[in-house]
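Encoded as structure tokens, the structure appears first; notes follow it.
Per chain, numbering begins at 1; letters A, B, ... match sequence-line order.
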Amino acid sequence: MSIDSRKTESDESVLCSGWNERILQRLIWWNQKMESLWFSIGIYGLVLLIHIVVWFLVGIVEDNFYASNRFFMKTGSIFSVSGCYITNLPSIILTSLMFFYSAIDVLIVLISLRSDRDTFSIKVETILLAILRSLLTIVYFVCSQVFETQVLTHIIPYSYSVMIGGFVEIIVSVLIPVIRAILDDSVEGENLFESEIELVLNNDEMCKLLLEFSRRSYCPEGVLFYKDVQSFKRQVQSYYNYKEENELLKTNIVTRHRERITNSAKKIVGNYLSEGALNELNVPSLPTKRNDILAKLYASEKSSIDHCPPKNLFDQVICETLLTLTEVFTRLKQKSKKIQNFLKETYVAQSTISQI
Amino acid sequence: MGNIVVSPHDKEGQHHMMATPTSNNPNGGSAATAKNKSEITVLLLGAGESGKSTLFKQVQFFHGVGITHDQERIELIEIVRLNVLENAKNLVAATQHLNIPIEQPENRETAKLIINSLNTNDLEDPSWSKRLYSLWKDAGIQKAYENREKFQLYDSTEYLFENLDRICSDKYVPTVVDVIRTRTKTIGITDMKFDVGDGKQLRLVDVGGQRNERRKWIHFFNTVDAVVFLTSLSEFDLNLYEDNGYWRVKESLRVFNEVVNNALFYKVPFVLLFNKRDLFEKKIATKSFSKYFSGFNEAEEKNPVACIEYMTKLFLNEITEHPLDTVSVKTLSAIDHDNSKQVFEEVKQFIMTQQHRE
């Protein structure tokens, strides 16, 4: 007899998950390709090349067949190095192109309106940039009509108005996110004041008490999971430290180190997050969380940039596990003088630090 | 009721818990394995959120132990506040998930803080009482609350939000009712003992109800003298916490089937408690019961007695091995102190009578 001996409805979900996993893997593969450095450089290079080719072809056609009746330039050739005036046609083409780009931006924002959230305010930024670009395009077009041949445009060319749009876009969508990410990274790891339960878990002696207490209450899995994840995080950290020092070596040691970390992560998944595992955790929707973590592990294995699994791989599950430990921890706190004294002493120490 | 022994252990950090399981002897030490005739072990079983721990806390309370003492309840401040935060977070998440906007801009600001940074220590500040109450009363949140069967939310949500002015204060000490209404997911196994006369002690064992917790129940199966199986009447429109896509009633029936027909329990008195009768009666007033049970007569769906009778038949039909004369069925409202006391007394009498018969 066993309460757990019968398989539940998840038999079907196991069958489905294989198929889903394949689609997921394919999507991850595409996502990685599109995120890769070479893809970005390739796209930029291609667009630049197309523009140069168009410019060159137009120049050749105009110079050879329409030299007396130019449609792009007013006086000199498009290849002129001493300056030249353009006709209305390039202004109209450029204006239409800029509005077209803005319209695409707005369309994408409209399509993504129903998506869940906008954590980094990307939708708002895109709309504001589209408005700015449209305004600057109008400025450009008006200037191209009004200041056509004035000397002022030799000093401040009105086409700068279009460039300002591009410049602001780079600041908003590249520079600010990079600065934000750097700031966020610097904040991480300065969490001096942890929750009570983390204080206990991070202290070897107190953690042993908690582990023993939870073992006797038949629920050691949460504590064991926390300790295993901490050890996994240390492995990842040491991998990055080693990699930084030996960046150019690319030795087998780095590869082996990475494989060890991936195996540790898989072992944690097998021990705590799998249905029917000896130390299966009591957190909601465990199969979904397990699949998410496995997908991330797979992505890190196949990634062309960095093969090491992310340090925060288990953070969400850790958070929920700490919540499930609250009850057993409260009971231990009520009963154990050692834990009470430890927490009291830690608080005194922390308040002294904060006063300093 | 006389002497209470919460646990025989005195060693540091080892009170109020079961004997140690070892690799050689998974049933633990002497207290768990040696069947002591003077001790009646009663297991509280049932799927997650069926009310086992609520009944356990009520029994503690009317025996004057555990949460009866201020000091023990002070330790639970964080858990009560955590319940408030979890409820608030779940409601805010539900508004996004169900596409119901929070109407007032200031409540949207509060919701952002709840999701991003609010922690239990912040709730010492009384200003949070007003902010959270205003959020609770927001039309968007109330609409999500009306649709609470579509997401996971504790039964105590309304109670906690209505008592925010006490909870959000630096002088807050949880009342017994607060503790009983607070949802704490039990993991592992806990127990308490008390005298029941005739030189006998009753050992009440509370367990976790989610799927992964149920494998731990087996440690007590061969020492058990009676089983009290709880199931929630009000879960007929809800899905599981651990698997949001699986109907709770189906899970309860499945677990009941496995427990009641277990060979180890053939000779053991078995009590089936239909809990949360209060919530159930409120729920069927506004929601359709027959929608979930095709065999039930729709004309009777607002009659709680008929609904409970139907549920009783549903559960009793699962019994294939256990002798029916040793099965007792009762309804309960575990958050109601008097009702819990009366029902538990009846359960105790039933178990004692069965013991004498044996």
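- The part of B:Leu82 that comes within reach of chain A is its side chain, from C-beta onward, which places non-hydrogen atoms under 4.5 angstrom from that chain.
- Of the atoms belonging to B:Glu213, it is side-chain heavy atoms, and not backbone ones, that fall under 4.5 Å from chain A.
- Listed options A:Thr288, A:Val328, A:Val283, A:Asn282 were ranked by heavy-atom pairs under 4.5 angstrom with chain B; first place goes to A:Asn282.
- With respect to the salt-bridge test (charged N to carboxylate O, under 4.0 angstrom), the residues B:Arg203 and B:Asp191 qualify.
- Interface remark: B:Ile187 contributes backbone and side-chain atoms alike to the contact with chain A (heavy atom separation under 4.5 Å).
- Of the two parts of B:Thr186, the backbone and the side chain both hold a non-hydrogen atom closer than 4.5 Å to a non-hydrogen atom of chain A.
- Remark: aromatic rings of A:Tyr218 and B:His219 are close, center separation under 6.0 Å.
- With a threshold of 4.5 angstrom between heavy atoms, B:Glu86 approaches chain A through side-chain atoms but not through N, CA, C or O.
- Comparing A:Lys333, A:Glu221, A:Glu280 by heavy-atom pairs within less than 4.5 Å of chain B, the highest count is held by A:Glu280.
- Residue contact with chain B, scored on non-hydrogen atoms closer than 4.5 Å, involves the side chain of A:Thr330 exclusively.
- Ranked by heavy-atom pairs under 4.5 Å with chain B, the first of A:Pro220, A:Pro284, A:Gly276 is A:Pro284.
- Look at A:Lys233 and A:Asp315 and you find a salt bridge, because one of the NZ, NE, NH1 or NH2 atoms lies within 4.0 Å of a carboxylate O, short of that distance.
- A salt bridge is absent between A:Glu212 and A:Lys208; no separation between the charged side-chain nitrogens and carboxylate oxygens falls under 4.0 Å.
- Outside the 6.0 Å centre-distance limit, the rings of A:Phe314 and A:Tyr272 are not counted as a close aromatic pair.
- Of all heavy-atom pairs spanning B:Gly208 and B:Lys52, the tightest one is C-CE, 4.2 Å.
- Aromatic rings of B:Phe270 and B:Phe256 (six-membered ring for Trp) have centroids within the 6.0 Å cut-off, being under it.
- Heavy atoms closer than 4.5 Å to chain B are found in the side chain of A:Leu323, but not in its backbone.
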